[in-house]
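Chain A is the first sequence line, chain B the second, and so forth, proteins listed ahead of strands; every chain is numbered from 1. All values derive from a computational prediction rather than experimental measurement.
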Number of protein chains: 2
Amino acid sequence: MSPRGKVITLQEVADRAGVSRMTVSKVLRGAGNISAETRRRVKQAADELGYLPNNLAGSLSSRKSRMVAVIIPSISDIVFSEVLSGINATLRPRGYQTFIGESGFEPETETELIRAMLSFRPAGILLNGGMARSADAESLLARRTCPAIQLWDCDRHALDFRAGPSHEEAGHLVARHFLERRLKRIAYVGAELDKDLCARRRHLALKSSLAAEGIDLLSVTAEDKPRQAVTGRLLTEQLVRAHPEIEAIHFLNDAMALGGLSYLHEAGLPVPERISVVGFNGTSLANAVRTRLTTIDLPRTEIGEKAAQALLQMIAEETVPDVWRAPLALVQGNTTVTDK
Amino acid sequence: MSPRGKVITLQEVADRAGVSRMTVSKVLRGAGNISAETRRRVKQAADELGYLPNNLAGSLSSRKSRMVAVIIPSISDIVFSEVLSGINATLRPRGYQTFIGESGFEPETETELIRAMLSFRPAGILLNGGMARSADAESLLARRTCPAIQLWDCDRHALDFRAGPSHEEAGHLVARHFLERRLKRIAYVGAELDKDLCARRRHLALKSSLAAEGIDLLSVTAEDKPRQAVTGRLLTEQLVRAHPEIEAIHFLNDAMALGGLSYLHEAGLPVPERISVVGFNGTSLANAVRTRLTTIDLPRTEIGEKAAQALLQMIAEETVPDVWRAPLALVQGNTTVTDK
DNA sequence: TTAGCAGATGTTATCGATAACAAATCAACA
DNA sequence: TGTTGATTTGTTATCGATAACATCTGCTAA
């Protein structure tokens, strides 16, 4: 079952082609000056034997690698998968392969992933900025030998480069949107704020912006529920039951907002006439049909692209600015009034 | 910026602890018999220096690894992320780290990922069964040195183990559901059937089951559109415009079905009175509210768990059956009549 | 004819760990 | 006191590649 066919090494390819190991190595990497005839013979031998390079040996020896580590909190969250596709689109054509780790928002899991990934000496490592990082993780990162980039968060300074939105700004934008519409009884619905520091920062920014105008933000959050539609629905129900006077809700993300909307619709609470709703991240825009959620859109794929570009530049030892701020746009849908 | 702090090797830890390299290696791996006092000194030295093992060297030398490669078509498809979480839940406690690759349903990308992953000599490789595999990929796999497992598809025989549903059976189940309700004008809505072979197999099974009863299945598919809600909506609109007589629709997956439902709802076509709708994969069940889609549920997380367990057994050189068939359950919601 | 040089290929040392075996230590016991 | 055997530690070879340098062609030009 398991250890099957013999593993072919460079030496065997070399023997078959009648040249030295080194020549084979050069041919297969496209390095050095090798005659066309030798190249042909070597390639043929490698093909016939089905040679598969051993990256462990190659990277160990050259102290180089074409592997890029990406660690994200959740692969099912569409936000991250879009960032990732920007990363892949940029790195693959340049010959780099991304290996993904999923931390599930758990700092210990993230730490183990960082350890495992770094122990393969990757060409670079991309991490999500929005979560607490263990001391172990910090010290692992401090001793890394490759560039490290923080995704999805440009507020906190860390690592060599950051690509993402300012979550502070996002919170302020939502506050302004509500204030301009003279909404006073405002609530926030979220989940896992203890883990998702970016969401927490948006929440705090909203709260403080409102407080500056004398408005007290009501927050309904669940730390142990997923940041998904079901939870949005559930918490909205709780919220509306306990505080029927609420006029506006900002949700942690679009998915939760859609869940909340489904409850409001069923409960016969007209949106936006009775209650205004604002989401975050723009992932709902592609699917919007009758209900076009007012949300904050941001270039998710581009965040990945910018991060990957910065990585490539750093690998090439070029100097790079240390941050790319993703633009935020509050997109007016039909879940808040087109006041103003 | 990039190559920073000096890399600490085993030798340096050994020097500081006043022992040999080998002793350090044994301590850190928990191998061999090492006295408590030596263990303490070594661990302290490693800590103080911030030693991070070099897996390239370690795996090369031992010809072993704790890395498991997983290659899935799409990380944003919730089906795969649930399978993956079953895999992680099983492998992590056993000290294995999964590295994920995303093929985007592209055979060439999959091939490159297989090449990259295998060149790190992983402990095992898990691949999605539902897509075409290039000849290069087949030959890479034929020469692998680790167990390989096929996910999400138990029909096609390949690799050392398969965990997944029978897609044939799924197609037959849907056919039976329609037939029992005496529905005659039946349509199928899907996308990317050229890439997703599992979906194609379900489609064919449905078609042939219906044909056996003299019913001709109408198929509306788009090869270049994502298998998501938007596409479901769009194709449903096309379908209903061109064939207003349709009585039942089976969708490729739940996401597309929900998209289709949103159109039917808007178009004023009552479900299930006028049109019955059936999805596939059960991912909508968690979020179901008013609309409870009739769908085929299957244990997605468990598929990952079974696959991972089989892998562990194969690594341990135990004998393993070569397939685990995931049970399928047609779950009656309120998008088909509760006839029968 | 031969130095000089570019192009093509080979040699040797090395990357950083582990396997397999060897050696040293030590307690217990005849 | 010396032998035995278990426990602990160290030595040497090796994993499979690449870097850096060495060597060997063959050809041009003085």
For Arg162(B), salt bridge (charged side-chain N to carboxylate O under 4.0 Å, His left out) partners two or more places apart: Asp322(B)
Could you write out each protein N or O paired with an N or O of nucleotides 21-28 of chain D at a distance under 3.5 Å?
none

Test ring pair (Phe, Tyr, Trp, His ring centres under 6.0 Å) applied to Phe161(A) - qualifying residues, sequence neighbours left out: none
Qualifying ring-ring contact (aromatic ring centres under 6.0 Å, His included) pairs with a residue from residues 108-141 of chain B, counting only residues at least two apart or across chains: Phe99(A)-Phe120(B), Phe120(A)-Phe120(B)
Could I get the full list of salt bridge (charged side-chain N to carboxylate O under 4.0 Å, His left out) partners for Glu106(A), not counting sequence neighbours? Lys195(A)
Starting the side chain at C-beta, find the nucleotide from dG10(D), dA19(C), dC15(C) nearest to Ser61(A). dC15(C)
Short N-O contact, Arg144(B) and Asp160(B), less than 4.0 angstrom: yes
Base, sugar-phosphate, or nothing for Asn33(A), non-hydrogen atoms under 4.0 angstrom? base
Partners meeting salt bridge (charged side-chain N to carboxylate O under 4.0 Å, His left out) with Glu112(A) (sequence neighbours left out): Arg115(A)
Arg40(B): which residues meet the salt bridge (charged side-chain N to carboxylate O under 4.0 Å, His left out) condition with it, sequence neighbours left out? Glu37(B)
Under 4.0 Å between a side-chain N/O of Arg21(A) and OP1 or OP2 of dT9(C), yes or no? no
Taking distance alone, no hydrogens or angles, what donor-acceptor pairs closer than 3.5 Å link side-chain atoms of residues 64-73 of chain A to residues at least two apart or in another chain?
unit_1: Ser65(A); atom_1: OG; unit_2: Met67(A); atom_2: N; d: 3.0
unit_1: Arg66(A); atom_1: NH2; unit_2: Tyr96(A); atom_2: OH; d: 3.0

Could you check which residues of residues 38-50 of chain A get a heavy atom under 4.0 Å from DNA chain D? Sort them by number, please. none
